[in-house]
Amino acid sequence: MTLSPPMFVRDAMSSVVLTIGPAHTLRQAARLMSARRVGSAIVLDPDTSGLGILTERDVLNSLGAGEDPDRERAHAHTTSDVVFAAPQWTLDEAAHAMARGGFRHLIVLDAGDPVGVVSVRDIIRCWTGARRPAPALAG
């Protein structure tokens with residue numbers, strides 16, 4: 001039996017990093033995530049010098065609770081105790097971190113800077129060899 005070489009977070013991550021501020025409304029965040037075709041946004045709070053993450057599930061939970069997406073701010077729905085990945089992590093390490101933490105996205109940091117996001121879907125695509133669908137053209 002031959003073993004496949006390990007695959008790394010850098011091979012799977014999306015380098016399309018959407019960064020928003022804590023004062024963005026949930027509607028603004030959702031529009032930006034939709035336009036970029038990503039399931040999360042990195043929330044950068046310059047007052048705390050911290051990074052958090054806002055996911056599509058956070059937006060959905062707020063809407064399900066009857067909250068107004070034009071009044072709710074990202075900071076109120078941001079996960080701030082984030083687990084970060086490094087580009088050199090194996091996909092197994094990333095998947096285990098996600099399973100242990102019960103989340104579907106990891107912010108990827110390189111030298112302390114966000115360089116990507118890796119999701120469960122990204123990992124599955126790498127493991128199965130599935131290709132990302134080409135973006136639909138408007139017209």
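Start at 1 with the first residue, then count along the sequence. On a predicted model such as this, the values are computed, not experimentally measured, just so you know.
The same ILVMFWY cluster, assembled from side-chain heavy atoms under 4.5 Å apart, contains both Ile124 and Val9.
Atoms CG and CG, from Leu44 and Leu51 in turn, are 6.0 Å apart once rounded to the nearest 0.5 Å. We find the CZ-OG distance between Arg125 and Ser14 to be 9.5 Å, quoted to the nearest 0.5 Å. Leu63 CG to Asp68 CG: the interatomic distance, rounded to the nearest 0.5 Å, is 9.0 Å.
The heavy-atom pair separating Met13 from Gly116 by the smallest distance is SD-CA, 4.1 Å. In terms of heavy atoms, Leu91 sits closest to Ala12 at CD2-CB, 3.7 Å. Heavy atoms only, all atoms of each residue included: Gln88 and Phe8 are closest at O-CD2, 3.2 Å. Between Ala94 and Ile123, the closest heavy-atom pair is CB-CD1, 3.9 Å. In terms of heavy-atom proximity, Arg73 sits nearest to Pro22 at CB-O, 3.7 Å.
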Could you give the side-chain donor-acceptor pairs of residues 26-33 under 3.5 Å, partners two or more places apart or in another chain?
unit_1	atom_1	unit_2	atom_2	d
Arg27	NE	Asp70	OD1	2.6
Arg27	NE	Asp70	OD2	3.2
Arg27	NH2	Asp70	OD2	3.2
Gln28	OE1	Thr25	N	2.7
Gln28	OE1	Thr25	OG1	3.4

Side-chain donor-acceptor distances from residues 95-115 under 3.5 Å, at least two apart:
none

Side chains of residues 54-61: which donor-acceptor pairs under 3.5 Å do they make with residues two or more places apart or in other chains?
unit_1	atom_1	unit_2	atom_2	d
Thr55	OG1	Arg57	N	3.4
Thr55	OG1	Asp58	N	3.3
Thr55	OG1	Asp58	OD2	3.2
Asp58	OD2	Thr55	N	2.8
Asn61	ND2	Arg57	O	3.4

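Residues Phe84 and Ile53 form no side-chain contact, since every pair of their non-hydrogen atoms from C-beta on lies 4.5 Å or further apart.
Not a single salt bridge (Lys or Arg N to Asp or Glu O under 4.0 Å) links Arg121 to another residue, sequence neighbours left out. Taking the side chain to side chain donor-acceptor pair (under 3.5 Å) definition, one finds that Thr78 meets it with nothing, sequence neighbours left out. Legend: residues meeting salt bridge (Lys or Arg N to Asp or Glu O under 4.0 Å) with Asp81, ordered by chain and number and at least two apart, are absent. Partners of Glu93 by side chain to side chain contact (heavy atoms under 4.5 Å, CB included), not counting sequence neighbours, listed by chain and number: Trp89, Thr90.
Among pairs with a residue in residues 6-15, none fulfils salt bridge (Lys or Arg N to Asp or Glu O under 4.0 Å), at least two apart in sequence or across chains.
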